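Notes follow once the structure below has been shown.
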Amino acid sequence: MEREILDSKGLREERIRKLKELKERGLDPYEGGFKRGSTIAEARDKESEFKEKRIKLCGRITALRRHGQTYFADLRDESAKIQIYIRKDTVGEEKASIFKLIDIGDFLGVEGPIFTTKTGELTVLVHGFSVLAKSIRPLPEKWHGLKDVEIRYRQRYLDLISNEKARETFKLRSRIIEKIRTLLAQRGFIEVETPMMQAIPGGAEGRAFKTYHQALDRDLYLRIAPELYLKRLLVGGMEKIFELNRSFRNEGLSTRHNPEFTMLEVYQAYADYEVMMDLTEELITGIASSILGKENFKYQGREINLKRPWKREKFSKLMEEKFKINLEDVTVGNLVDELKKTGLDSDKLEKGLTKTQLLKLLSENVEPEEPTFVIDHIADFCPLAKRHKDNKNLSQRFELFIGGLEVANAYSELNDPLEQRERLYNQWNELGEEEKREKKVDEDFVLALEHGMPPAGGLGIGIDRLVMLLTDSPSIREVVFFPQLKGRP
RNA sequence: GGGGGCGUAGCUCAGGGGUAGAGCAGCGGCCUUUUAAGCCGCCAACGAAGGUUCGAUUCCUUCCGCCCUCACCA
């Protein structure tokens, strides 16, 4: 922060000088409140009402045009923008001279009737105004706005002031989340909250953040998923639940990954992954049609069409098409060898094949324009999912891809406690020595299952990615107010 | 962590081994219906540290930060 303070010293000092002068004139700009008569949008709607009587508006000055003894300025609140006009024969000599101390960025309350200028601009003829807050830093440029992505992320408020697109994106994010809650509530789901600080982080792949609790003298981890706790609630008899909140993964950053991210997890007792597919379609098309007003839109230049029903492609079929591998005679053990035979870049395979890598390979085989459920994955990659009755190597699971993004993941939840324990230990055994020490099998979770968990469908939707998709944002940093960045020098 | 690109004024952009240029913003002046107001004048910057060189903002090295990409992950 030190640098900016020095850099903008001259501009800042000039504004502090104006601030002092305001105070000397008995007008402390941080002192007063203001009774807003209406928002600017309301004022614009009801302009005719205020041709005669006065209106009281407030907002921030975003442009200032001095014209001799008069000023035109743009006043903006969250709802809209309106021009204000200050002239000394209306506002008075004293007030007019005070207006010299106003800068772009200051907050103002104004009062006066509305008229239309000869160029047709709706304008408040200011009879009185008060300074509600003085800005002592210059705002980014009015025409080109703020483009420096680093400043846009680190000082998001400047981005929000300068860029309409940013304001829209975050408003949409809020409406999307609100809509999800409404849609789920309409279907009888209730929202629950489970621990973000967990003794044993589980329910997903990925490294956890570690922290320490003083009084308990124990290590705790930030959750990588709420899954195992939500299933405990199924055991407890809750039948339709969801949690919509943050999870944390201690992994690298990318345009699709922020260390803290927002996930929706939904569980429905006596359902399975087929039911969750329907629910996913309903949720996402419901959101799109209510928020965007349509089911087709562009994502990064590609036309996406959400018209139901969505494609459901068997994982094995995609493997067959892409790699000519028949999953019937392939196990996880020799899958890597089989893939190498297909001439796939073997460097990538040397380190072994993770679930994520495999999905990535397959997602390249999925049409980005149409939403596609990739269903029935290799069971060994899905320790929490039920196996298929007719093929024990496959699990009742789907991953949903839209526009090249993986936006949802769901399965029929495994509720056989003995199999669950075995599969968790199998997974644990594959870990490296260090990981084995950090990650343990959550026996307490298995204990819950031993008391009986109803069959259930579970669904996870990456909210940040869904918002990216619906706001046509190329990076997760565009949909998270304060994305994680490195430290400053 | 690997690879590629980038870092010039408060903001948006030029430039380039020899005095660093513009627009917006700011300051001063003229202007009472402008709106990217206009006109005149002024203020203001090469991410940091080393090196090469008579001379570095420009070339080289290291560091810091940002973007893209690969890997871990969703």
Side-chain angles (χ1 to χ4, degrees), chain A residues 3-15 17-18 62-74 81-91 96 100 103-105 115-123 125 135-154 158 161-162 204-208 224-225 247-263 345 347-348 350-352 354-357 359-360 363 399-400 405-409 435 460-466 468 474-477 483 485-489:
Chain A
R3 249 191 72 240
E4 284 87 344
I5 288 171
L6 295 173
D7 280 352
S8 56
K9 203 176 175 190
L11 299 169
R12 183 167 173 271
E13 278 179 350
E14 182 58 32
R15 285 173 175 232
R17 184 188 65 73
K18 292 174 180 170
T62 55
L64 196 52
R65 297 174 288 280
R66 183 165 181 191
H67 196 88
Q69 296 297 304
T70 70
Y71 297 85
F72 288 95
D74 292 341
K81 190 165 78 172
I82 196 165
Q83 177 168 266
I84 61 173
Y85 183 40
I86 289 90
R87 42 190 293 163
K88 69 179 171 194
D89 49 14
T90 312
V91 82
K100 276 188 190 154
D103 286 300
I104 291 172
F115 75 106
T116 305
T117 65
K118 65 183 181 191
T119 49
E121 179 83 18
L122 207 61
T123 302
L125 178 61
S135 155
I136 59 171
R137 295 268 184 180
L139 252 34
E141 201 226 6
K142 61 181 173 189
W143 189 241
H144 297 92
L146 179 66
K147 292 187 175 169
D148 184 317
V149 290
E150 190 173 355
I151 300 177
R152 289 187 48 235
Y153 298 157
R154 287 193 197 275
L158 294 178
I161 292 168
S162 308
E205 306 290 322
R207 196 170 305 157
I224 58 175
S247 286
F248 309 83
R249 294 193 194 167
N250 205 342
E251 309 281 354
L253 315 184
S254 83
T255 48
R256 290 171 302 278
H257 304 262
N258 195 56
E260 47 183 313
F261 61 103
T262 301
M263 211 170 30
D345 180 2
D347 271 5
K348 283 187 180 176
E350 281 315 320
K351 294 176 195 164
T354 65
K355 181 216 110 198
T356 315
Q357 279 175 305
L359 280 172
K360 200 165 186 178
S363 68
E399 297 245 332
L400 170 66
L405 291 174
E406 184 194 352
V407 302
N409 176 24
E435 277 181 304
I461 295 181
I463 298 302
D464 309 287
R465 289 181 181 177
L466 182 63
M468 282 169 69
S475 167
I476 196 169
R477 295 179 202 107
L485 299 178
K486 272 197 202 171
R488 294 161 68 88

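Please read all numbers here as calculations on a predicted model, not as lab measurements. Values below: every heavy atom of this structure, side chains too, minus hydrogens, waters and symmetry copies.
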Self-check item: Heavy-atom protein contacts under 4.0 Å, nucleotides 23-32 of chain B, coded B base, S sugar-phosphate only, - none
Solution: BBSSS---BB
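Residue A:Thr119 places no side-chain atom within donor-acceptor reach of the base of B:U33, judged by atom type and a 3.5 Å distance cut-off alone.
As judged by a 4.0 angstrom heavy-atom cut-off over every strand, A:Arg477 is placed among residues touching the sugar-phosphate backbone only. Counting any heavy atom pair closer than 4.0 Å across all strands shown, A:Lys147 reaches sugar-phosphate atoms only and no base atom. Here A:Gly252 lies in heavy-atom contact (under 4.0 Å) with a base. As judged by a 4.0 angstrom heavy-atom cut-off over every strand, A:Gly460 is placed among residues making no nucleic acid contact.
Pairing for B:U32 is absent, judged as Watson-Crick or G-U wobble with the two contacts each under 3.5 Å. Pair check for B:A56 finds none; no Watson-Crick or G-U wobble contact set falls under 3.5 Å. Base pairing annotation: B:C42 forms a Watson-Crick or G-U wobble pair with B:G26, both donor-acceptor distances under 3.5 Å. Nucleotide B:C63 is matched to B:G47 when pairs are restricted to Watson-Crick or G-U wobble geometry with both distances under 3.5 angstrom.
Across the P atoms, B:U8 and B:C59 are found 15 Å apart, a figure rounded to whole Å. B:G7 and B:U12: their P atoms are spaced 13 Å apart (whole Å). Spacing between B:C24 and B:G5 at atom P, rounded to whole Å, works out to 35 Å. Going from the C1' atom of B:A74 to that of B:U58 covers 44 Å, rounded to whole Å. The same atom, C1', is picked in B:A45 and in B:A22; the two are 13 Å apart, to the nearest Å. Using C1' as the reference atom, B:C46 and B:C42 are 22 Å apart when rounded to the nearest Å. Using C1' as the reference atom, B:G3 and B:G10 are 35 Å apart when rounded to the nearest Å. B:G50 and B:C64: their C1' atoms are spaced 15 Å apart (whole Å).
Straight-line distance from the CZ atom of A:Phe248 to the P atom of B:C72: 23 Å, rounded to whole Å. Atom pair A:Ile86:CD1 and B:U35:P shows a separation of 16 Å (rounding to whole Å applied). Atom CG in A:Asn258 sits about 19 Å away from atom P in B:C72, given to the nearest Å. For the pair A:Glu121 CD and B:U34 P, the computed distance is 11 Å after rounding to whole Å. The interatomic distance linking A:Asp464 (CG) with B:A74 (C1') rounds to 9 Å, in whole Å. Distance A:Ile151 CD1 to B:C67 P: 13 Å, rounded to the nearest Å. Between the P atom of B:A74 and the CD1 atom of A:Ile224 lies a distance of 8 Å, rounded to the nearest Å. The CZ-C1' distance, from A:Phe72 to B:U34, rounds to 4 Å in whole Å.
For the pair A:Asp464 (side chain) and A:Thr262 (backbone), a donor-acceptor distance under 3.5 Å is present. Using a distance-only test at 3.5 Å, with no hydrogens or angles considered, a donor-acceptor pair links the side chain of A:Arg66 to the main chain of A:Gly68. Counting only distance, with no hydrogens or angles, the side chain of A:Glu251 and the backbone of A:Pro259 share no donor-acceptor pair below 3.5 Å.
Atoms OH and CZ, on A:Tyr85 and A:Phe115 in that order, are 6.5 Å from each other to the nearest 0.5 Å. Taking CZ of A:Arg465 as the start and CD1 of A:Ile476 as the end, the distance is 6.5 Å to the nearest 0.5 Å.
Listed pair A:Arg465 / B:A74 fails the phosphate criterion, with no side-chain N or O lying under 4.0 Å from OP1 or OP2. The phosphate of B:G65 (OP1 or OP2) has a side-chain N or O of A:Lys486 nearer than 4.0 angstrom. Phosphate contact (OP1/OP2 of B:U69, side-chain N/O of A:Thr255, threshold under 4.0 Å): present. In this structure, A:Arg154 reaches the B:C66 phosphate: one of its side-chain N or O atoms is under 4.0 Å from OP1 or OP2.
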Quiz item: Do A:Ser135 and A:Arg15 pass the side-chain hydrogen bond (donor to acceptor under 3.5 Å, both in side chains) test, and can you show the C-alpha distance, the side-chain angles, and the key distance before you say yes or no?
Solution: CA-CA 7 Å; A:Ser135 155; A:Arg15 285 173 175 232; 3.1 Å; yes
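Side-chain atoms of A:Glu406 lie closest to B:A74 of the nucleotides B:C68, B:A74, B:C72. In this structure, of B:U35, B:C11, B:A74, it is B:A74 that holds the atom nearest to the side chain of A:Glu205.
The two atoms that bring A:Gln83 and A:Thr117 nearest to each other are NE2-CG2, 3.8 Å, heavy atoms only.
Residues satisfying the salt bridge (charged side-chain N to carboxylate O under 4.0 Å, His left out) test with A:Arg256, not counting sequence neighbours, are none. A:Glu121 pairs by the salt bridge (charged side-chain N to carboxylate O under 4.0 Å, His left out) definition with nothing, not counting sequence neighbours.
Taking the six-membered ring where tryptophan is involved, the planes of A:Phe72 and A:His67 are perpendicular, since the angle between them exceeds 60° and thus also 30°.
Along RNA chain B, the nucleotide nearest A:Ser475 and the nucleotide nearest A:Leu253 are compared for position; the residue whose nucleotide lies closer to the 5' end is A:Ser475. When each of A:Arg256 and A:Lys118 is assigned the nucleotide of RNA chain B bearing its nearest heavy atom, the one mapping closer to the 5' terminus is A:Lys118.
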